[in-house]
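Comments concern the structure below.
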Amino acid sequence: VQLQASGGGLVQAGGSLRLSCAASGRTFSNYRMGWFRQAPGKEREFVAATSRSGGNPYYADSVKDRFTISRDNAKNTVYLQMNSLKPDDTAVYYCAAGVSYTYTNPDEYMYWGQGTQVTVSS
């Protein structure tokens, strides 16, 4: 699976962004999809994940009630709607595809997108 993330940018605190991740190459609906982020000097951390059908979304505590993950299997795309953004959300955001039931471990994902920068100013 090839993954292409987009939608990042510069936004003020309290603002919103919507990230997209377009997949190609294999059957998108066979994969669970996740979003991770990595800030400078920090390890890559789990943000959100969704099952193959789009149900059962799962979120890191730090983004719960602010971020929403969704997918459109007809369009081979997964989204991350980010609201009420904070400066601490500044990072490069990566989408990933996998088949494991372990949503939060980046090592369990098989394919990764190239990342999109999100910068939240205070």
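Position 1 is the first residue of the sequence, and the numbers go up from there.
- Nearest heavy atoms, Gly55 versus Thr50: O-OG1, 3.6 Å.
- Asn73 places a side-chain N or O within 3.5 Å of a backbone atom of Arg52 that can act as its donor or acceptor partner.
- The shortest non-hydrogen separation linking Gly25 to Gln2 is CA-OE1, 3.6 Å.
- Between Asp89 and Lys86 no salt bridge is recorded (no basic side-chain N to carboxylate O distance below 4.0 Å).
- Considering CG of Asp72 and OG of Ser29, their distance stands at 11.5 Å, rounded to 0.5 Å.
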Step-by-step side chain to side chain contact (heavy atoms under 4.5 Å, CB included) determination, Arg37 to Thr90: CA-CA 9 Å; Arg37 66 187 182 187; Thr90 295; over 6 Å; no

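- Closest of all the heavy-atom pairs between Ala13 and Ser122 is CB-CA, 4.4 Å.
- Closest non-hydrogen pair, Asp61 versus Lys64, comes out as OD1-NZ, 3.1 Å.
- The line from SG of Cys21 to CZ of Arg71 is 10.0 Å long, rounded to the nearest 0.5 Å.
- Other members of the cluster containing Phe36 are Phe46, Tyr58, Val92, Tyr94, Tyr103, Tyr109, Trp112, with ILVMFWY side chains joined at under 4.5 Å, either directly or via other members.
- Of all non-hydrogen atoms in Thr116 and Gly8, the two that sit nearest each other are OG1-N, 3.1 Å.
- Through direct or indirect side-chain contacts shorter than 4.5 Å among Ile, Leu, Val, Met, Phe, Trp and Tyr, Trp35 is connected to Val1, Leu3, Val11, Leu17, Leu19, Phe28, Tyr31, Met33, Val47, Tyr59, Val63, Phe67, Ile69, Val78, Leu80, Met82, Leu85, Tyr93, Val99, Met110, Tyr111, Val118, Val120.
- Without hydrogens or angle criteria, Gln114 side chain to Ala5 main chain gives a donor-acceptor distance under 3.5 Å.
- No hydrogens or angles considered: a donor-acceptor pair under 3.5 Å links the side chains of Ser100 and Glu108.
- With values rounded to the nearest 0.5 angstrom, Asn76 atom CG is found 14.0 Å from Gln4 atom CD.
- Checked against side chain to side chain contact (heavy atoms under 4.5 Å, CB included), Asn30 has the following partners two or more places apart in sequence or in another chain: Thr27.
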